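Taking it in order: structure first as C-alpha cells, then the write-up.
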There are 2 protein chains.
Amino acid sequence: MTDPIRVIVADDHPVILGGLVSMLESDPGISVVATAADGAALVAATRQHACDVVVTDLRMPGTGGADATRQIRRAAHPPRVLILTTYDSPADVMQAVEAGASGYLLKAAQPREILAAVRAVARGERAMSPAVAQRLSQLQDSEQLTAREVQVLRLMRAGGTNASIGAELGIGAATVKTHVQHIFDKLGVRDRTSAVATGIDLGLLSA
Amino acid sequence: MTDPIRVIVADDHPVILGGLVSMLESDPGISVVATAADGAALVAATRQHACDVVVTDLRMPGTGGADATRQIRRAAHPPRVLILTTYDSPADVMQAVEAGASGYLLKAAQPREILAAVRAVARGERAMSPAVAQRLSQLQDSEQLTAREVQVLRLMRAGGTNASIGAELGIGAATVKTHVQHIFDKLGVRDRTSAVATGIDLGLLSA
DNA sequence: ATTCCCGTCAACCGATCGGCTGATCCGCCG
DNA sequence: CGGCGGATCAGCCGATCGGTTGACGGGAAT
C-alpha cells in the first residue's frame, strides 16, 4: 500500500465542496489536505500544502479555475489539475486544456468515475468524459474565431448593424462585413441570427 | 423543542446530493427521511414517506423538478417544495413558481441560507433569494410571449427567414412578420438577432 | 525571403428585413 | 351582446443584409 493521494479541492458552492470532500475522503487511498472557495485561495493553498492532484471548479468568483490552473502549473513540481464543473461548453473545455488541466469531468459524473479520474491523473494519465470530448470536437470542427471576430460577434448579439459595430470598434462598415463573413464561414451558418445562437451554444459569448 | 423537520432531497448529481444530505443532517432540527435522483423517484418517495419539505433540483433526467412539484402538490396534505438549482433563468423560476414551489434558491447559496430557507418554507413562508427575485422581475417586465410567438422565435434562432418559417408552420410570410413584430415589442428589441439573444437569456429557448 | 493569416477597406446587387397601416376571423369573458 | 386579444393575411418602402471579388499592409512562421 502506497501513501494516499494528496488532494486539494476548490469550489465556490459550499454544498458541493462539502459533498466532494466527504466523497473523496471516503476513499482510503485519497486524502484531502486543503480546500478553497475561489481561484486565488486555491493557488495559495497549493503553495502551502504539498499535493498530488487539484480538483477544481471552473467558474468561481474572482480568479477562475482556468487562471488558477495556469498559475499552479507554473510551479516547479506542479500537481495535476482535474477540472470538475457543471458546464461542458467547448470554449470552457478548450480554455481548461490550454491552461494545462489533465482532466475534465462533469459534476453529473458518478462518484466512482470521479475517484477513478483522480487516481488516473495522479498517475499522470488524462481523464475526460466522453460527453466532454465530443463537445470539444465540436469546437475544433468549427475552427476558432479570432479575437477580433469574437468582438464583432458580441456586438452582433447586442443587435448592432454592421455600421454601428464599425463605429463602436473604430473601423469601417466594410471591414465589419468581412469579419461577419468569416464568422459565418467558420461557424457554418448563413445569417447573423444563427451565428449568435451557435456562438452562445459554443460558449464563445457567455464567458 | 418540537419534532425535527422531515425533509426529502432530490438531485441527479450524486456529489451534490451527498453534500446536501450531510449539510441538512448537520442541523439537529432537520431530518432527511429519503433521497431521490430524479423526479419520478421523488414523487414516489413523497408517497412512501411523510415529510414536511421537499428540497429538489429543477433539471433532472426524465421527470424534471417542475413536473415533480406539480404532482407532489396535488396530494391531500402536500409538503412544501423548495427548489435548489444552479440556474436562475426567469423562465425556470416562473415555471417552478407556477408549479407550486414555495421557495427558489441557487446552489451558490451559503449553507445557513439554505437551512434558513428550509425552516421558513416548513413554517409556510416563502423563500426566494434576492438575485432570483430580480431575475424573475425581468421576465414580468417583458410580458410573456404566446405559444405561437415562442415557436416563431425558435425557428428564428435556427436562422430561418420569414418565408421559410412560414412554410415550416404552414402560414404565410406576412403572418410571420406580424409575430416577429410582436416579439420585438415584447422583448424590447429591434432586430431578430438580439431577439434570439434575449430569448436565450430569458430561458425561453433553452427548455 | 516568401508564404500565410489577420485586419483593414471598396463596390455592386439581389434578397431580406423592419416599420407602418389596416383588415378578417375566432374564441373567451364580462 | 360587445369588446378584447390572438392568429391570420396584405401592401408599401427605405434600410440593411448576405454574397462576391478584389485589394493592401503588417506580423508571424518556415
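Reckoned from all heavy atoms, side chains included, excluding hydrogens, waters and symmetry mates. Order of the sequence lines sets the chain letters (A, B, ...), proteins ahead of strands, with each chain counted from 1. Keep in mind it's a predicted model, so treat the numbers as computed, not measured.
With respect to A:Asp88 and A:Lys107, no salt bridge is recorded, no charged nitrogen being found less than 4.0 Å from a carboxylate O. Salt bridge status for B:Arg119 with B:Glu125: absent, with no side-chain N to carboxylate O gap under 4.0 Å. The pair B:Asp92-B:Arg59 meets the salt-bridge criterion, since a charged nitrogen lies less than 4.0 angstrom from a carboxylate oxygen.
In terms of modelled atom types and a separation under 3.5 Å, the side chain of B:Asp12 and the main chain of B:Pro61 share no donor-acceptor contact. Proximity of a side-chain donor or acceptor of B:Thr198 to a complementary backbone N or O of B:Asp201 within less than 3.5 Å is not detected. For the pair B:Ser194 (side chain) and B:Arg190 (backbone), a donor-acceptor distance under 3.5 Å is absent.
At whole-Å resolution of the value, CD in A:Gln181 and C1' in D:dC17 are 9 Å apart. One interatomic measurement links the two molecules: CE of B:Met156 to C1' of D:dC17, which rounds to 15 Å at whole-angstrom precision.
Of all nucleotides in DNA chain C, those with any atom nearer than 4.0 Å to a heavy atom of chain B start and finish, going 5' to 3', at C:dT16 to C:dG19.
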Protein proximity profile, nucleotides 5-12 of chain D - base contact B, sugar-phosphate-only contact S, no contact -, cut-off 4.0 Å on heavy atoms: -SSBBB-B
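Nearest heavy atoms, A:Ala109 versus B:Pro14: O-CD, 3.8 Å. Considering all non-hydrogen atoms of both residues, B:Ala66 and B:Ala99 come closest at O-CB, 3.5 Å.
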Pairs under 3.5 Å (N/O, protein and nucleotides 25-30 of chain D):
none

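B:Glu149 contributes atom CD, which lies 9.5 Å from atom CG of B:Asp185 (distance to the nearest 0.5 angstrom).
A:Arg148 and A:Gln151 form a side-chain donor-acceptor contact under 3.5 Å, judged by distance and modelled atom types alone.
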